Asks: 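My structure is below; once you've seen it, I'll send some questions.
Keep in mind that this is a model prediction, so the values were computed, not measured. Ligands are counted one by one from 1 in listed order, and the atoms in each one are counted from 1 as well.
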Amino acid sequence: MNINALSYNDGVLTLLDQTKLPHATVYRDYTDYETIARAIEEMIVRGAPAIGMTAAYGAVIGARQFTGDAHFTDYMENVIDRLWHTRPTAVNLMWALNRLKPLVRDNPAETIQRLEQAAHDIFKEDAEINRRIGEHLLEVLHDGVTLLTHCNPGALATAAYGTATAPMYLAHERGWNIKVYSDETRPRLQGALTAYELSQAGIDVTTITDSTAATLMQQGKIDAVIVGCDRIAANGDTVNKIGTMPLAICANYYNVPFYVAAPTPSFDISLADGSRIPIEERQSVEVTTLNEQALSIPDVPVYNPAFDITPHKLITGIATEHGIIKANKEAIIQLFEKKEITT
Ligand SMILES: CSC[C@H]1O[C@H](OP(=O)(O)O)[C@H](O)[C@@H]1O
């Protein structure tokens, strides 16, 4: 895997600027938690696991910026709060910060060391989770499979293989003949990132408009749909990029298996169902322009939710690092209890 969405070295966080891809490869170095928070908000870095890891390293860098002009634990509370309130939907962000919060002590040097270790652990764990999700999904796929995915649940959104893209990379590495259709995913067109990274890896990927997916399923050309997620409620309702729910309805209608690839840090079992998951609304300019070119009539109101809620009944299975489970409360609670997963 030769795509690194983020890397950290001795107080410097380097982010691949995903707003410039696929036309330019621009890496940006950060040594300030405020600009890291803005990089998450502006989607220079994006993707649920990647923004969680970025926020974790942002807290590390925030701790390193401490100048002694305040009480350190109060200062760190403000740093974490700033990072926490960057994007509201992907629970990986809050999960990562909740993992670091208890490590803050009234000793900056000790805290920096503990936070750095925790951020590195989260990064390493995510890479392993990617691989395991991919291996579990390969158990339900076959050589010659044609898959469809939405948005970018890939290497650019994680520490390694991605989530929904993990079986695609692993299948390719094992010499399988695999074909992928990638929804372009209006309005931010993250599907172009999926096409970029899969084509770089030599995988047969085809970009389609979001509205073409239904036709491919009607023609019987899709063996399975695999998407990522930003937050899964206790009953299996799944929030992912806007346009995911219609895909699930269509897959259900045409009897196409619909899988959600989900690291356990993407679950929020404190919420009973998907209706309680905050859905980020983004600026209208994302819908009305492309590369600063006007696409629609100015001054007409725009509604731009970045995510939608897929009812758990439409999901064939949720592929976690511990295996593929049914998308229902019983299976999810059993997973968290059996694996003693901390949330
Ligand atoms: C494994 S990435 C999960 C998820 O995150 C993306 O959202 P965004 O590009 O707005 O950060 C998208 O919903 C992916 O499916």
Side-chain angles (χ1 to χ4, degrees), residues 1 3 5-6 15-19 21 39-55 86-96 122-123 126-127 129-134 137 148-169 182-194 196-198 210 225-232 238-248 258-268 274 277-283 286-287 304-310 315 318-321:
M1 184 56 48
I3 289 178
L6 63 131
L15 298 178
L16 173 54
D17 184 343
Q18 299 191 31
T19 66
L21 287 175
I40 294 172
E41 291 166 339
E42 294 163 9
M43 297 175 68
I44 283 170
V45 60
R46 42 135 311 272
I51 64 177
M53 292 183 274
T54 299
T86 47
R87 295 186 71 193
T89 303
V91 72
N92 311 64
L93 174 69
M94 297 83 186
W95 173 87
I122 290 171
F123 188 93
D126 189 65
I129 286 171
N130 292 173
R131 187 185 59 76
R132 289 169 62 181
I133 286 175
L137 279 165
L148 185 144
T149 192
H150 190 71
C151 195
N152 174 251
L156 287 164
T158 62
Y161 284 115
T163 59
T165 56
M168 302 168 190
Y169 286 114
S182 167
D183 286 354
E184 65 174 353
T185 313
R186 282 274 298 155
R188 292 291 300 245
L189 306 179
Q190 289 95 325
L193 301 179
T194 301
Y196 164 77
E197 61 171 88
L198 294 182
D210 302 337
V225 177
I226 309 179
V227 298
C229 63
D230 291 85
R231 194 177 311 203
I232 300 181
T238 294
V239 164
N240 193 51
K241 184 55 51 201
I242 190 76
T244 301
M245 183 256 286
L247 267 186
F258 184 92
Y259 289 100
V260 173
T264 47
S266 299
F267 285 78
D268 183 350
I277 298 173
I279 302 295
E280 179 185 17
E281 283 190 46
R282 294 187 64 88
Q283 292 179 339
E286 293 185 353
V287 176
N304 181 24
F307 302 98
D308 61 20
I309 304 167
T310 297
I315 299 170
I318 301 176
T320 76
E321 64 272 31

Asks: Test of understanding: with side chain to side chain donor-acceptor pair (under 3.5 Å), list the residues that count as partners of T244, not counting sequence neighbours.
Replies: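 With sequence neighbours excluded, T244 shows a side chain to side chain donor-acceptor pair (under 3.5 Å) to N240, given in chain and number order.
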
Asks: Please round to the nearest 0.5 Å and tell me the distance separating atom CG of L6 and atom CZ of F123.
Replies: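 Here the rounded value is 5.0 Å.
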
Asks: Going by an N to O cut-off under 4.0 Å, is there a salt bridge joining D210 and R186?
Replies: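 No salt bridge links D210 with R186.
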
Asks: Output a table of donor-acceptor pairs, distance under 3.5 Å, between side-chain atoms of residues 149-158 and any protein atom two or more places apart or on a different chain; print 'none' if there are none.
Replies:
{"from": "T149", "atom 1": "OG1", "to": "I226", "atom 2": "O", "distance (Å)": "2.7"}
{"from": "H150", "atom 1": "ND1", "to": "D183", "atom 2": "OD2", "distance (Å)": "2.8"}
{"from": "H150", "atom 1": "NE2", "to": "I242", "atom 2": "O", "distance (Å)": "2.8"}
{"from": "N152", "atom 1": "OD1", "to": "R46", "atom 2": "NH1", "distance (Å)": "2.9"}
{"from": "N152", "atom 1": "ND2", "to": "T194", "atom 2": "OG1", "distance (Å)": "3.0"}
{"from": "N152", "atom 1": "ND2", "to": "E197", "atom 2": "OE1", "distance (Å)": "3.1"}
{"from": "T158", "atom 1": "OG1", "to": "N130", "atom 2": "OD1", "distance (Å)": "3.2"}
{"from": "T158", "atom 1": "OG1", "to": "G154", "atom 2": "O", "distance (Å)": "3.1"}
{"from": "T158", "atom 1": "OG1", "to": "A160", "atom 2": "N", "distance (Å)": "3.4"}
{"from": "T158", "atom 1": "OG1", "to": "G162", "atom 2": "N", "distance (Å)": "3.0"}

Asks: According to side chain to side chain contact (heavy atoms under 4.5 Å, CB included), who are the partners of E41, at least two apart in sequence or on a separate chain?
Replies: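 Once residues adjacent in sequence are excluded, the partners of E41 under the side chain to side chain contact (heavy atoms under 4.5 Å, CB included) criterion are R38, R82, T86.
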
Asks: Measure the shortest side-chain to side-chain distance between L148 and L247 over non-hydrogen atoms and say whether it is less than 4.5 angstrom.
Replies: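 In contact.
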
Asks: Output, or 'none' if empty, a list of ligand 1-protein atom pairs in which both atoms are N or O and the distance is under 3.5 Å, rounded to 0.1 Å.
Replies:
{"from": "ligand 1", "atom 1": "5 (O)", "to": "A48", "atom 2": "N", "distance (Å)": "3.3"}
{"from": "ligand 1", "atom 1": "5 (O)", "to": "D230", "atom 2": "OD2", "distance (Å)": "3.0"}
{"from": "ligand 1", "atom 1": "9 (O)", "to": "R46", "atom 2": "NE", "distance (Å)": "2.7"}
{"from": "ligand 1", "atom 1": "9 (O)", "to": "R46", "atom 2": "NH2", "distance (Å)": "3.3"}
{"from": "ligand 1", "atom 1": "9 (O)", "to": "Q190", "atom 2": "NE2", "distance (Å)": "3.0"}
{"from": "ligand 1", "atom 1": "10 (O)", "to": "R87", "atom 2": "NH2", "distance (Å)": "2.8"}
{"from": "ligand 1", "atom 1": "10 (O)", "to": "K241", "atom 2": "NZ", "distance (Å)": "2.6"}
{"from": "ligand 1", "atom 1": "11 (O)", "to": "G47", "atom 2": "N", "distance (Å)": "2.8"}
{"from": "ligand 1", "atom 1": "11 (O)", "to": "R87", "atom 2": "NH1", "distance (Å)": "2.9"}
{"from": "ligand 1", "atom 1": "13 (O)", "to": "D230", "atom 2": "OD1", "distance (Å)": "2.6"}
{"from": "ligand 1", "atom 1": "13 (O)", "to": "N240", "atom 2": "OD1", "distance (Å)": "3.3"}
{"from": "ligand 1", "atom 1": "13 (O)", "to": "K241", "atom 2": "N", "distance (Å)": "3.2"}
{"from": "ligand 1", "atom 1": "15 (O)", "to": "N240", "atom 2": "OD1", "distance (Å)": "2.6"}

